[in-house]
Amino acid sequence: MRVLGIETSCDETGAAVYDTEAGLLAHALHSQVALHAPFGGVVPELASRDHVRHLVPLVREVLDASGTKMHDLDAIAYTEGPGLGGALLVGASLANALAFAIGKPAIGIHHLEGHLLSPLLEERRPAFPFVALLVSGGHSQLFEVRGVGEYRLLGDTLDDAAGEAFDKTAKLLGLDYPGGPALARLAERGRKGVLTFPRPMLDSGDLAMSFSGLKTAVLTEIRRRGAAGLGEQDKADIGLAFQDAVVDVLATKAMRAMRETGLRQLVVAGGVAANRALRARLQNETARDGSEVFFPDPKFCTDNGAMIALAGALRLEGGRASAGAGAFEVRPRWPLVEMTRPSGRVT
Ligand code: KG4
Ligand code: ZN
């Protein structure tokens, strides 16, 4: 089965073609970073308009690159939510229009389900069941994943998501949007042991997380020194100490989730899964206790069409997709645990 995937939930326009026999055949991405950079963050209206400009050319590009004609497609998967309403509508509209034109199903995919299943794009891939650490700009959650559509929430952040904490802390340090990757780069020049920030909720005895206090600790440190007293090396030291604290909390909670569930495979997905320090730490921890960790390729950690095409194909394969009435909606707010089986909205 061959599925076109479309992602337009935020500031990346993504398209991809996934085949259940041959795997990922083509993917293309247009980043809106340059568009939003002057504003220091994503401007929703500009995001929607930019998706309108780039989505059709990207779809053409992946169809051509994979040698796929519209009528070869078995379904069109798109991100139904969560995300920016207007941005989601661009992808949902095109997906439903194309599906209507070829008489095939349009499958609404939960963005986080896409992230969560994205390690299955890799050759070395986990088998169900596994624990998933989902760390993106909007979420820091641990799930027990028993199969496609079977997601039990084990732990959540009480306030900021890990990616959000990276972005806000980057801003405090004067780094440009998008702050997370810039902060991670800065941290590579930081000196170990110069500074230590608190590890919020590290010893809370459960799987809950919290990152807003850490951001405040960074702010206090910056204020203590005074903006003028903050050189490049100081910023790098602060960046490293911040990253160490986030990585420590995420890794400790993920390994605790493995122990509590008795599962031996850990999947890490979402934008923060691209973080090299987090990847290295979890490689070490799992190697030490004989369990396994799986990451998507760094280019598939942040938003992309490949994960949506894959999730659509898995839902189609599982028989949980059929042609519907042609009406559709998007869900800007949509907790993943609301996805009860059988699911994958099909319109
Ligand atoms: O998954 P994603 O592309 O979008 C959402 O679904 O939110 O994740 C974006 C988030 C941003 O907060 C970004 O700063 C963070 O992932 N991020 C990183 C890195 N690359 C992206 N955070 C830390 N280190 C990185 N290398
Ligand atoms: Zn995402």
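All ligand and atom numbering here is 1-based and tracks the order in the structure.
Leu73 has its side chain out of reach of Lys104: every pair of non-hydrogen atoms, C-beta onward, lies at least 4.5 Å apart.
Only side-chain heavy atoms of Asp167 come within less than 4.0 Å of ligand 1; its backbone N, CA, C and O stay farther off. Only the side chain of His115 comes within 4.0 Å of ligand 1, counting heavy atoms alone; its backbone N, CA, C and O stay farther away. With a heavy-atom cut-off of 4.0 Å, His111 touches ligand 1 through its side chain alone.
The nearest non-hydrogen atom to atom 7 (O) of ligand 1, considering only Gly137, Ser118, Gly163, Cys301, comes from Gly137. When Asn304, Thr169, Thr79, Val272 are checked for heavy-atom proximity to atom 15 (C) of ligand 1, Val272 turns out nearest.
Residues passing the side chain to side chain contact (heavy atoms under 4.5 Å, CB included) test with Asp234, sequence neighbours excluded: Arg225, Leu230.
Here is the list of ligand 1 atoms found below 4.0 Å of a heavy atom in Ala184: 24 (N), 26 (N).
An N or O contact shorter than 3.5 Å links Gly180 to ligand 1 by distance. For ligand 1, the polar-atom distance check finds an N/O of Gly271 within less than 3.5 Å of one of the ligand's N/O atoms.
Taking a cutoff of 4.0 Å between a charged side-chain nitrogen and a carboxylate oxygen, Glu144 and Arg146 qualify as a salt bridge. A salt bridge is defined here as a Lys NZ or Arg NE, NH1 or NH2 lying under 4.0 Å from an Asp or Glu carboxylate O, and Arg315 with Glu113 meets this definition. Look at Lys69 and Asp72 and you find no salt bridge, because none of the NZ, NE, NH1 or NH2 atoms lies under 4.0 Å from a carboxylate O. Here Asp19 pairs with Arg2 in a salt bridge; the nearest charged N to carboxylate O distance falls below 4.0 Å. Between Asp248 and Arg281 a salt bridge is recorded (basic side-chain N to carboxylate O distance below 4.0 Å).
The number of heavy atoms from other shown groups lying within 6.0 Å of CZ (Arg191) is above 12.
Pairs engaging residues 8-32 under the ring pair (Phe, Tyr, Trp, His ring centres under 6.0 Å) rule: His27-Phe300, His30-His54 [sequence neighbours left out]. Listed by first then second residue, pairs satisfying salt bridge (charged side-chain N to carboxylate O under 4.0 Å, His left out) with a partner in residues 291-300 read Arg124-Glu292, Asp297-Lys299, not counting sequence neighbours.
No close placement of the Phe166 and Phe211 rings is indicated, their centers lying 6.0 Å or farther apart.
Tally of protein N, O or S atoms closer to the Zn ion (ligand 2) than 2.8 Å: 3.
Of the protein's non-hydrogen atoms, the one nearest atom 24 (N) of ligand 1 is Asn275 ND2, 3.0 Å. Ranking the protein heavy atoms by distance from atom 2 (P) of ligand 1 puts Asp303 OD1, 3.3 Å first.
Ring orientation note: the planes of Phe128 and Phe130 are close to parallel, at an angle under 30° on the 30°/60° scale.
Residue Pro181 places a heavy atom less than 4.0 Å from ligand 1. Heavy atoms of Gly138 come nearer than 4.0 angstrom to ligand 1 in at least one pair.
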